[in-house]
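One structure below.
Fair warning: this is a prediction, and the values are worked out from it, not measured in the lab. A note on names: the letters A, B, ... follow the listed sequences, proteins ahead of strands, and every chain is numbered from 1.
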Number of protein chains: 2
Amino acid sequence: MNTLEKITKNLDTFSKSERKVAEVIIASPQTAIHSSIAALAKLADVSEPTVNRFCRRLDTKGFPDFKLHLAQSLANGTPYVNRHVDEDDGPEAYTSKIFESSMACLEAAKNSLDPHAVNRAVDILTQAKKISFFGLGASASVAQDALNKFFRFNVPVSSFNDVVMMRMSCIVSTEDDVIVLISHTGRTKAMVDIANLARQNDSTVIGITKKESPLAAECSLVLSMDVPEDTDVYMPMASRIAQMSLIDVLATGFTLRRGEKFRENLRKVKQSLKDSRIEK
Amino acid sequence: MNTLEKITKNLDTFSKSERKVAEVIIASPQTAIHSSIAALAKLADVSEPTVNRFCRRLDTKGFPDFKLHLAQSLANGTPYVNRHVDEDDGPEAYTSKIFESSMACLEAAKNSLDPHAVNRAVDILTQAKKISFFGLGASASVAQDALNKFFRFNVPVSSFNDVVMMRMSCIVSTEDDVIVLISHTGRTKAMVDIANLARQNDSTVIGITKKESPLAAECSLVLSMDVPEDTDVYMPMASRIAQMSLIDVLATGFTLRRGEKFRENLRKVKQSLKDSRIEK
DNA sequence: CGCCACCTTGAAAAATAATTACATTTGACG
DNA sequence: CGTCAAATGTAATTATTTTTCAAGGTGGCG
């Protein structure tokens with residue numbers, strides 16, 4: 001655990017003098033790590049052995065070891081946490097918070113994603129005769145983004161955000177087709193129906209959704225990510241960022257599986273954009 | 001800069017003995033920070049002053065100070081860097097790399113974004129009679145996502161990924177309209193034309209694009225982010241994640257500006273989704 | 001209330017670690 | 001082959017940390 005947090009948490013288990021040391025350190029950890037035990041003792045108005053005992057109480061070998069731990073916890077500094085935007089935040093504050101929440105979300109997503117599932121998903125996608133990406137509402141843009149990636153692979157890809165089109169597409173799907181359904185909650189009725197429909201035609205259904213959700217139950221393979229809920233803002237935010245990164249991962253896995261020759265393809269697609277651009 | 005990287009980078013500026021020290025530290029930084037100068041000197045098979053000189057060469061006050069710096073850089077663990085995917089990466093490796101690159105990109109984006117520009121953009125958006133989000137290719141999904149956010153605000157919003165529709169929309173735009181153009185490179189001819197067209201009607205044009213690009217030159221306000229280029233993969237990846245987060249920021253700024261009463265609106269929109277969902 | 005046991009604290013000594021000063025080695029170059 | 005400067009090491013010095021031990025509190029209990 002983070003050393004600084006540990007000090008704060010255990011404040012009441014310390015003796016009087018030790019608490020003085022703790023307070024000085026909490027007040028200015030940067031000073032603490034750059035001071036000798038003598039200097040710190042003086043700052044806290046206690047004796048040097050007291051500081052040493054304080055360090056040992058925090059499961060360190062002594063003062064230098066304690067400084068090391070403290071330094072690490074400062075560097076680490078709980079890097080990105082999901083912080084909620086306050087009513088009176090200025091532009092700088094809410095900008096930072098949103099970006100940091102997105103980063104925290106990606107971190108959580110990365111850690112909760114199962115690499116085996118990713119690998120199987122890539123397997124399935126590389127063998128697909130046709131790939132469809134479906135998403136509704138906020139997930140529609142993720143599906144569209146996936147289309148933008150995968151069409152470069154010279155595989156038939158489609159993406160709809162129209163439920164009727166999705167149904168029609170599923171009705172004519174075959175066992176060689178793969179359908180990727182994107183839904184944050186996994187509780188959208190229409191999506192569950194689509195999954196069911198596709199399965200009836202023996203198509204493979206990959207769900208980018210919450211595990212143990214109704215949608216997940218209908219999928220051949222579930223790619224789930226535990227991301228912190230964006231509770232107090234009434235819009236899905238961070239979850240989509242994670243979904244989109246997952247699409248990036250799948251696309252990357254796809255290209256890797258296809259080897260060097262295939263990448264020539266991508267180069268050509270990129271090249272084709274040139275004419276639509278203004279030269280430097 | 002990260003101390004460990006610094007050691008690696010400056011390997012050739014060290015003398016023979018100092019390099020021995022560097023190698024021992026690189027091989028096992030964890031051992032290094034938990035050793036005394038004597039122990040480390042022995043490991044590297046050099047004398048103690050050599051270790052000390054090595055530390056000073058890296059702009060530290062001495063050995064203990066060096067250990068502190070090293071400890072911090074280890075804790076930090078080169079937090080998120082844009083790492084390129086290798087040919088022979090397994091699913092675990094490329095998944096981590098993609099997510100970490102996205103995080104590195106968000107970090108860079110956050111730091112390069114100008115809060116004043118964000119604030120002005122929010123100003124402009126809150127005063128708009130009509131808002132349009134336009135993007136082509138990879139940016140189309142960002143535009144669609146923006147639509148999904150802003151339609152909740154009870155402002156007329158539109159989003160096209162069809163150049164002709166964009167043009168028509170711009171032709172009939174007025175000075176109270178705001179057009180948000182999303183383009184990573186800022187060099188897409190069609191987008192530059194659109195910006196020009198909109199400006200002719202005195203509409204306000206906000207560009208989410210690269211600064212000093214042809215598109216940026218045509219915009220009333222530019223929101224630029226310096227994100228690391230995704231060079232060796234032939235698809236835009238991280239840049240879109242940053243753009244999407246920026247949309248989140250703008251949407252958040254918008255709701256904050258409108259105050260509590262307005263948020264009731266958002267609650268209703270969220271509520272309306274309920275019937276399309278399966279209850280827990 | 002007072003005594004004892006125990007805990008807390010600090011002074012000083014001892015031990016450990018880091019730095020400095022200086023000597024020796026090494027190697028480049030005339 | 002000698003000279004000089006840079007690099008390295010030895011040993012002494014200094015700084016820093018840790019230990020030991022004694023003094024001062026604190027609270028329990030007769």
Side-chain angles (χ1 to χ4, degrees), chain A residues 3 6-7 9-74, chain B residues 3-4 6-74:
Chain A
T3 306
K6 203 163 158 185
I7 297 173
K9 221 191 74 186
N10 296 16
L11 253 188
D12 45 343
T13 72
F14 298 136
S15 73
K16 208 171 8 172
S17 302
E18 283 170 354
R19 198 164 315 149
K20 283 203 257 179
V21 179
E23 276 157 12
V24 168
I25 292 170
I26 291 169
S28 173
Q30 282 298 335
T31 311
I33 59 170
H34 289 111
S35 307
S36 69
I37 193 167
L40 194 61
K42 204 168 180 183
L43 273 176
D45 195 30
V46 298
S47 70
E48 296 173 28
T50 301
V51 176
N52 203 280
R53 281 187 283 260
F54 168 84
C55 297
R56 290 224 226 274
R57 201 172 293 279
L58 286 139
D59 304 315
T60 62
K61 280 184 67 189
F63 183 67
D65 190 41
F66 168 78
K67 282 208 289 194
L68 243 58
H69 282 179
L70 186 59
Q72 292 202 327
S73 83
L74 288 181
Chain B
T3 307
L4 207 50
K6 202 163 159 185
I7 298 174
T8 316
K9 220 191 73 186
N10 297 15
L11 252 188
D12 46 342
T13 71
F14 297 136
S15 70
K16 205 168 16 165
S17 302
E18 283 169 352
R19 197 164 317 148
K20 282 202 258 179
V21 179
E23 276 158 13
V24 168
I25 292 170
I26 291 168
S28 172
Q30 282 298 337
T31 311
I33 59 170
H34 289 113
S35 306
S36 69
I37 193 168
L40 193 62
K42 204 167 180 184
L43 273 176
D45 194 30
V46 298
S47 70
E48 297 174 28
T50 301
V51 176
N52 203 285
R53 281 187 282 260
F54 168 84
C55 298
R56 291 223 226 274
R57 200 173 295 278
L58 286 139
D59 304 314
T60 62
K61 281 185 64 189
F63 183 67
D65 190 41
F66 167 78
K67 282 209 290 193
L68 242 57
H69 282 243
L70 186 58
Q72 292 202 327
S73 82
L74 288 180

What nucleotide, of [options], holds the atom closest to the side chain of [X]?
| X | options | value |
| --- | --- | --- |
| B:R53 | D:dG9, C:dG10, C:dT19 | D:dG9 |
| B:P49 | C:dG10, C:dG27, D:dT10 | D:dT10 |
| A:K16 | D:dT8, C:dT9, C:dA18 | C:dT9 |
| A:S15 | D:dG9, C:dT9, C:dA18 | C:dT9 |

(Q) When you measure from the side chain of A:Q72 to the backbone of B:A71, do you find a donor-acceptor pair of N or O atoms at a distance under 3.5 Å? (A)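 At least one qualifying donor-acceptor pair exists.
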Take atom [atom1] of [X] and atom [atom2] of [N], then tell me their distance rounded to the nearest Å.
| X | N | atom1 | atom2 | value |
| --- | --- | --- | --- | --- |
| A:D65 | D:dT17 | CG | P | 12 Å |
| B:F54 | D:dG9 | CZ | C1' | 18 Å |
| B:E48 | C:dA23 | CD | P | 20 Å |
| B:F63 | C:dT16 | CZ | P | 17 Å |

Q | Nucleic acid contacts - residues 17-24 of chain B versus DNA chain D, non-hydrogen atoms under 4.0 Å | A |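 By residue number: B:S17.
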Q. In residues 35-47 of chain B, which ones come under 4.0 Å of DNA chain D, going by heavy atoms?
A.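 Here the set is B:V46, B:S47.
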Q | Pairs flagged by salt bridge (charged side-chain N to carboxylate O under 4.0 Å, His left out) wherever residues 17-33 of chain A is involved - sequence neighbours left out | A |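 For residues 17-33 of chain A, and leaving out neighbouring residues, the salt bridge (charged side-chain N to carboxylate O under 4.0 Å, His left out) pairs sorted by first residue read A:E18-A:R57.
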